[in-house]
Participant: 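Supplied in structure tokens, the structure appears directly below.
Just so it is clear, the structure is predicted and the values come from calculations on it, not from any experiment. Chain letters run A, B, ... following the sequence lines, proteins first, then strands; residues in each count from 1.
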Amino acid sequence: MVTIHDLTPVSEFEWEIPADARKGMRVGVRLFATRRLLEAVLKDNAVQQAVNAASLPGLAGPVVVMPDMHQGYGFPIGGVAATALPDGVISPGGIGYDINCGVRLMASAVPLEAAQPYLERLVTALDQHCPSGVGTAGSLRLSDADLEKVCRLGAGWAQQRGWATEMDLRRCEDGGCLPEADPASVSPRARERGRTQLGTLGAGNHFIEVGVVEDVYDLEAAQAMGLEPGCLTLMIHCGSRGFGHQICTDAVQSLQGAVRRYGISIPDRELVCAPLDSPEGRAYLGAMRSAANYAFANRQILAHQARLAFEAALAGVVRNFHLHLVYDITHNIAKLETHTLNGRAQRVCVHRKGATRAFGPGSPDLPPEYAHTGQPVLVPGSMGTGSWVLAGTAESMERSYASSCHGAGRVFSRSQAKREIRGEALLRALEKQGIQVRAGSMGGLAEEAPQAYKDVDEVVRTVCGAGITRKVARLRPVAVVKG
DNA sequence: ATGTTC
């Protein structure tokens with residue numbers, strides 16, 4: 001059990017656990033948190049899981065954990081780990097079950113006042129156009145050939161169908177497509193689950209939120225992103241549905257064998273992994289990239305459906321209701337990137353689980369319109385509490401493998417939330433705040449209650465105080481669709 | 001997160 005005495009303060013926003021070979025740690029842990037957030041996160045197993053992750057073979061530097069951290073499968077949600085050849089590994093627990101779970105932000109030039117009379121109509125249209133719920137099928141039925149194309153092309157597949165513009169793809173992380181996806185490494189069971197779920201939202205913490213740009217902290221960056229104070233935004237939070245879940249399930253099982261075959265010693269069986277340069281590791285990478293591309297396509301199709309909902313609800317009554325894409329990020333992924341570590345550029349496999357890439361200004365991977373601002377970093381808060389738009393910094397390149405936080409982060413479990421909170425009461429409280437809600441189930445709503453989450457404003461204050469991102473704008477929610 | 005216990 002890790003206690004506060006195991007942590008060395010570095011600053012108001014940063015702590016360190018030095019590498020300790022007696023505990024099997026190959027590297028240290030760098031943790032971003034205020035003292036108050038740290039006390040909250042020490043109540044679950046997240047920091048111990050970061051210490052466990054520090055024993056993975058081939059780590060190129062410290063394991064980094066974000067202030068929204070909480071306990072996950074094997075590896076903490078909010079964790080970042082970089083492994084390198086020759087002996088680095090890839091671990092599905094360092095990515096998560098919802099491969100390429102991510103966030104897309106769109107923005108409009110519609111002032112809230114102009115849309116206010118039509119908000120109920122709008123949220124109903126969004127609910128109708130964007131199917132949600134556990135196991136829910138959408139309207140698409142993919143053939144084997146089309147599913148393989150989705151795996152290889154990601155959001156580009158949606159563009160081929162006329163559901164994405166060139167600007168949409170340019171404003172997705174990685175252009176909405178990871179190279180070297182290998183659909184042949186995806187199991188028949190995963191394919192079966194994936195066939196019907198493209199264009200659906202899912203459940204749990206996945207949502208569509210209509211917001212309004214409330215506070216702008218960086219006018220130049222907000223302008224570059226097309227965020228206009230007082231105007232409507234639309235945020236989509238979802239991932240690869242049952243397809244990615246099945247790919248993770250398959251990998252967790254099959255990599256147990258790899259751990260034995262390669263004689264890898266891990267402190268927790270949930271940290272199963274395989275060498276990056278092994279048949280097992282390559283197969284998981286190829287399947288994982290397929291799921292990532294499925295999720296990019298999914299968010300793009302949901303965005304198209306959301307645009308249709310805006311048209312259905314607002315055409316003829318509100319002007320300029322077009323939604324332009326601000327950016328689309330992934331916060332559950334592993335990617336090969338080049339980072340300067342110990343003074344030399346190294347090719348590493350960066351696992352981000354509940355952590356967002358935050359490339360600084362000048363990164364060649366950003367579209368030209370964001371060359372000066374840095375990458376947009378999208379941080380949804382808990383339901384009804386507001387979301388943030390941040391931007392990547394040069395410092396994130398040095399301190400956190402160019403990563404920042406991904407949300408508020410749980411303080412207590414879904415089961416505890418369900419026991420302690422009534423969905424109906426929460427729904428009334430949200431409506432009293434003027435937030436329109438469409439929820440698939442009252443139990444599901446209770447699981448996502450703001451009380452079950454940390455304070456997103458303090459999480460953001462931490463990552464900005466630590467310098468790994470900076471504030472651009474805060475969004476206030478006015479309507480939410482949940483599975 | 002998840003056809004929420006193959």
Participant: Verify the contact: side-chain N or O of A/R241 to OP1 or OP2 of B/dT2, cut-off strictly under 4.0 Å; return yes or no.
Facilitator: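 The answer is yes; a side-chain N or O of A/R241 sits under 4.0 Å from OP1 or OP2.
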Participant: Could you say whether A/H237 or A/V134 is positioned toward the 5' end of DNA chain B, judged by the nucleotide with the nearest heavy atom to each?
Facilitator: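 Going by which nucleotide is closer to the 5' end, it is A/H237.
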Participant: Describe the nucleic acid contact of A/Q197 in one word from base, sugar-phosphate, nothing, applying a heavy-atom distance below 4.0 Å.
Facilitator: sugar-phosphate
Participant: Salt bridge check: are A/E337 and A/R357 linked by an N-O gap of less than 4.0 Å?
Facilitator: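 Judged by the 4.0 Å cut-off on N to carboxylate O distance, A/E337 and A/R357 do not form a salt bridge.
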Participant: Whole-Å distance between B/dT2 C1' and A/Q246 CD?
Facilitator: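 Result: 10 Å.
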Participant: Measure the distance from OH on A/Y97 to C1' on B/dT5 and round it to the nearest whole Å.
Facilitator: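 That distance rounds to 13 Å.
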Participant: Using a strict cut-off of less than 4.0 Å between a Lys/Arg side-chain nitrogen and an Asp/Glu carboxylate oxygen, indicate whether A/K482 and A/E209 qualify as a salt bridge.
Facilitator: no
Participant: What is the nucleic acid contact for A/G239, judged by heavy atoms within less than 4.0 Å: base, sugar-phosphate only, or nothing?
Facilitator: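 No contact.
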Participant: Tell me whether A/K335 is salt-bridged to A/D365, with the criterion being a basic N under 4.0 Å from an acidic carboxylate O.
Facilitator: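 Answer for the salt bridge query: no.
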Participant: Check the distance between B/dT4's C1' and A/L445's CG and give it to me in whole angstrom.
Facilitator: 17 Å
Participant: Take the protein atom CZ of A/R414 and the nucleotide atom P of B/dT5, then report the distance between them rounded to whole Å.
Facilitator: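 These atoms are roughly 12 Å apart.
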Participant: Looking at A/R282 and A/D182, does any basic side-chain N land under 4.0 Å from a carboxylate oxygen?
Facilitator: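 No salt bridge links A/R282 with A/D182.
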Participant: A/E447 CD to B/dT4 P: how many Å, rounded?
Facilitator: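 Whole-Å distance recorded here is 13 Å.
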Participant: Would you mind reading off the distance between A/E448 atom CD and B/dT2 atom P, rounded to a whole angstrom?
Facilitator: 11 Å
Participant: Could you tell me the separation between the CD1 atom of A/I77 and the C1' atom of B/dT2, rounded to a whole number of Å?
Facilitator: 13 Å
Participant: Rounded to the nearest angstrom, tell me the gap between atom CD in A/E192 and atom C1' in B/dT2.
Facilitator: 17 Å
